Amino acid sequence: MGRDRVVVVIPAHDEAASVGATIDSALAQTVPPDAIFVVADNCSDDTAAIAVAHGARVLETVGNTDKKAGALNQALEVVLPQLDGDDRVLVIDADSLLAPEWIETALTVMERPGVGAVGGLFYGEGRAGLIEQCSATSTSATPGTCCGVARVSGC
């Protein structure tokens with residue numbers, strides 16, 4: 001029997017400059033995702049076209065006025081019914097990068113008893129302090145290394 005599916009969801013509002021690199025970092029995983037969805041939220045740039053060119057499926061929001069949360073809610077209404085109960089959803093910002101082993105490590109951590117979610121410490125470019133690292137948006141993340149501000153069970 002194969003592993004549970006991993007689906008990446010990337011909410012994006014006018015992220016043409018960075019979404020391609022984010023998708024590429026997901027595709028370069030040691031355990032690649034089964035699908036990547038970019039949620040193009042009221043974009044006025046080429047975010048959707050760039051996402052498709054990099055191999056992602058694009059979901060465009062309709063009438064969203066609730067920013068990222070609204071975009072994610074609309075996307076999850078489409079994505080979740082396609083998944084089984086043990087499949088995994090990874091949400092990553094469109095201006096973030098994953099370390100190459102992120103999904104592989106996250107899946108290993110998720111096998112621990114009592115673990116229902118994993119998170120990562122985000123390292124920002126040129127940011128030295130913990131708060132700066134935790135709030136950085138152009139980042140690389142490694143699961144199992146949790147930020148003290150956003151610690152989750154199992155880390």
Side-chain angles (χ1 to χ4, degrees), residues 1-13 15-41 47-59 68-69 71-155:
M1 186 169 175
R3 68 168 173 81
D4 298 328
R5 292 179 294 176
V6 175
V7 174
V8 175
V9 178
I10 305 170
H13 172 73
E15 300 282 1
S18 60
V19 72
T22 301
I23 295 165
D24 291 346
S25 79
L27 291 171
Q29 294 293 295
T30 55
V31 174
D34 297 286
I36 300 174
F37 292 90
V38 170
V39 187
D41 183 31
T47 297
I50 291 169
V52 168
H54 283 263
R57 300 177 197 170
V58 173
L59 303 172
K68 187 187 299 187
L72 284 170
N73 285 338
Q74 286 188 26
L76 293 174
E77 285 178 11
V78 173
V79 172
L80 291 180
Q82 300 175 39
L83 302 179
D84 294 328
D86 291 329
D87 291 339
R88 311 297 185 201
V89 176
L90 165 60
V91 177
I92 181 172
D93 285 347
D95 59 357
S96 298
L97 304 174
L98 294 169
E101 68 285 346
W102 206 99
I103 292 175
E104 180 180 11
T105 305
L107 289 172
T108 300
V109 171
M110 292 291 292
E111 293 300 319
R112 295 180 189 165
V115 175
V118 295
L121 177 59
F122 295 88
Y123 295 98
E125 297 173 8
R127 293 175 175 92
L130 178 63
I131 298 302
E132 289 92 354
Q133 289 178 3
C134 290
S135 64
T137 56
S138 296
T139 60
S140 182
T142 303
T145 310
C146 294
C147 174
V149 178
R151 188 173 185 104
V152 294
S153 174
C155 291

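These numbers were taken from a predicted model, which means no experiment stands behind them. Side chains included, hydrogens not; waters and symmetry mates left out as well; all remaining heavy atoms used.
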Could you tell me whether the side chain of [X] and the main chain of [Y] form a donor-acceptor pair under 3.5 Å?
X	Y	value
D87	R5	yes
Q29	A99	yes
E104	T30	no
E15	T47	no

What are the two closest non-hydrogen atoms of [X] and [Y], and how far apart are they?
X	Y	answer
V9	A75	CG1-CB, 4.3 Å
V8	A26	CG2-CB, 4.5 Å
A56	V38	CB-CG2, 3.8 Å
A12	A94	CB-CB, 3.7 Å
V78	L59	CG1-CD2, 4.1 Å

message: Is the shortest side-chain heavy-atom distance between L83 and V89 below 4.5 Å?
response: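 A side-chain contact exists here, since the closest heavy-atom pair is under 4.5 Å.
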message: Between V91 and P11, is there a side-chain heavy-atom distance shorter than 4.5 Å?
response: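 A side-chain contact exists here, since the closest heavy-atom pair is under 4.5 Å.
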Approximate separation, where rounding is to 0.5 Å, of [X] [atom1] and [Y] [atom2]:
X	Y	atom1	atom2	answer
I10	D41	CD1	CG	14.0 Å
I92	W102	CD1	CH2	8.0 Å
F37	L76	CZ	CG	10.5 Å
L107	D4	CG	CG	8.0 Å
I36	L27	CD1	CG	4.0 Å

- request: Check the pair R88 / I103 against side chain to side chain contact (heavy atoms under 4.5 Å, CB included), numbers first and verdict last.
  value: CA-CA 10 Å; R88 311 297 185 201; I103 292 175; over 6 Å; no
query: Going through the checks in order, is the side chain to side chain contact (heavy atoms under 4.5 Å, CB included) test met by V79 and V7?
result: CA-CA 9 Å; V79 172; V7 174; 3.9 Å; yes
